[in-house]
Amino acid sequence: MRRKDTVGYKIRLIHNQIHKQMEAKRSENESELALTGMQRWTIGFLKEHEEQTIYQRDLETEFKVSRATASNMLSVMERKGLIERRPVEHDARLKQLVLTERGRAIMERANRDVRQMEASLLAGLSEEEIQNLKETLDKLLMNLGVAANEGTRCSSPDLENHR
């Protein structure tokens, strides 16, 4: 079998194209900010947990980084106007992390780009083909030992809402 005919090779090509196009969008959206990957992950985490009170220690735990690393990153993000550290009533030492409008806008653009990429990938496919593709991708993940939980399943309800 020729390498170019293998499923793995085709998946790699798709991955490379998605990465290339998403990086171009990211650069376009964040040109003046030059965000690091960790800063983008932090913005996403704060957006996903907006209904909760998030502190620096939550980021340290979530991303398994040291207190100093988290503190330095948050200071830079604060200077860039992406987050605010707000005091909480019950403990003056604690500071709640809150996305600013600028941080929210970056997350909204990123989500829009993901939706556009998803639409590009699925263009021309019927609902049945999309469902079959997602089920097949779930099987491939399971074959590779990736647990098919809600965080990794392609056919999860969360992903259905992104189309």
Side-chain angles (χ1 to χ4, degrees), residues 11 13-125 127 130-131 133-134 137-138 141 146-163:
I11 289 173
L13 288 178
I14 292 167
H15 169 269
N16 288 346
Q17 284 304 308
I18 291 170
H19 181 75
K20 180 180 175 182
Q21 291 179 28
M22 292 301 286
E23 279 299 305
K25 286 284 192 185
R26 183 193 63 76
S27 294
E28 179 183 310
N29 291 340
E30 302 169 6
S31 60
E32 77 283 357
L33 293 174
L35 297 179
T36 67
M38 187 65 193
Q39 289 169 345
R40 286 191 304 277
W41 280 107
T42 299
I43 291 171
F45 181 81
L46 292 174
K47 178 71 175 148
E48 287 174 15
H49 296 88
E50 276 189 311
E51 303 302 315
Q52 300 168 341
T53 303
I54 301 296
Y55 303 106
Q56 177 178 320
R57 69 173 177 243
D58 297 316
L59 294 179
E60 294 165 11
T61 302
E62 177 70 17
F63 299 116
K64 296 173 182 39
V65 295
S66 70
R67 186 182 312 171
T69 297
S71 180
N72 289 336
M73 177 192 63
L74 292 172
S75 293
V76 170
M77 291 178 74
E78 200 169 21
R79 280 195 305 273
K80 289 180 178 184
L82 301 171
I83 65 160
E84 291 178 0
R85 292 191 239 203
R86 295 183 183 160
V88 293
E89 288 182 23
H90 65 277
D91 189 339
R93 297 169 297 176
L94 289 175
K95 303 288 188 243
Q96 177 182 0
L97 303 177
V98 179
L99 275 180
T100 62
E101 284 305 314
R102 187 178 198 185
R104 256 189 223 91
I106 286 172
M107 197 68 232
E108 288 303 315
R109 285 193 301 265
N111 286 339
R112 181 197 64 217
D113 292 344
V114 168
R115 286 190 302 273
Q116 287 174 346
M117 176 56 68
E118 189 77 358
S120 294
L121 286 167
L122 300 177
L125 298 179
E127 288 298 319
I130 292 168
Q131 188 57 40
L133 174 61
K134 289 177 179 183
L137 291 171
D138 285 339
L141 287 168
V146 177
N149 60 36
E150 287 305 311
T152 59
R153 286 187 53 225
C154 297
S155 53
S156 72
D158 278 353
L159 287 177
E160 291 296 323
N161 295 329
H162 287 276
R163 293 192 309 109

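Values reported hereafter were calculated over all heavy atoms of this structure, with side chains retained and with hydrogens, waters and symmetry mates removed. All values reported here derive from a predicted model rather than from experimental measurement. Position 1 is the first residue of the sequence; numbering continues from there.
Glu84 and Thr100 make their closest contact through CG-CG2, 3.6 Å (heavy atoms, listed as atom of the first residue, atom of the second, distance). Scanning all heavy atoms of the two residues, the minimum distance from Phe45 to Phe63 falls at CB-CZ, 3.9 Å. Heavy atoms only, all atoms of each residue included: Leu125 and Leu121 are closest at CD1-O, 4.3 Å. Heavy atoms only, all atoms of each residue included: Ser75 and Arg85 are closest at OG-NH2, 2.9 Å.
Ion pairing of Glu118 with Arg115 is absent here, as no side-chain N (NZ or NE/NH1/NH2) approaches a carboxylate O to less than 4.0 Å. Note on Glu50 versus Lys47: salt bridge recorded, some NZ/NE/NH1/NH2 to OD/OE distance being below 4.0 Å.
Looking at heavy atoms from C-beta onward, Leu133 lies in side-chain contact with Leu137 at the 4.5 angstrom threshold. When side chains are defined from C-beta on, Ile43 counts as touching Leu35, because their heavy atoms get closer than 4.5 Å.
For the atom pair CD of Gln96 and OG1 of Thr53, the computed distance is 4.5 Å after rounding to the nearest 0.5 Å.
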Ile106 and Leu99: CA distance, side-chain angles, deciding distance, side chain to side chain contact (heavy atoms under 4.5 Å, CB included) verdict:
CA-CA 10 Å; Ile106 286 172; Leu99 275 180; over 6 Å; no

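Note on ring orientation: taking the six-membered ring where Trp is involved, the planes of His15 and His19 are parallel (angle under 30°, cut-offs 30° and 60°).
Other residues, nucleotides and ligands contribute at most 12 non-hydrogen atoms within 6.0 Å of the CZ atom of Arg67.
The residue from Lys64, Glu62, Arg57 that alone fulfils the side-chain contact (heavy atoms from CB on, under 4.5 Å) condition with Glu60 is Arg57.
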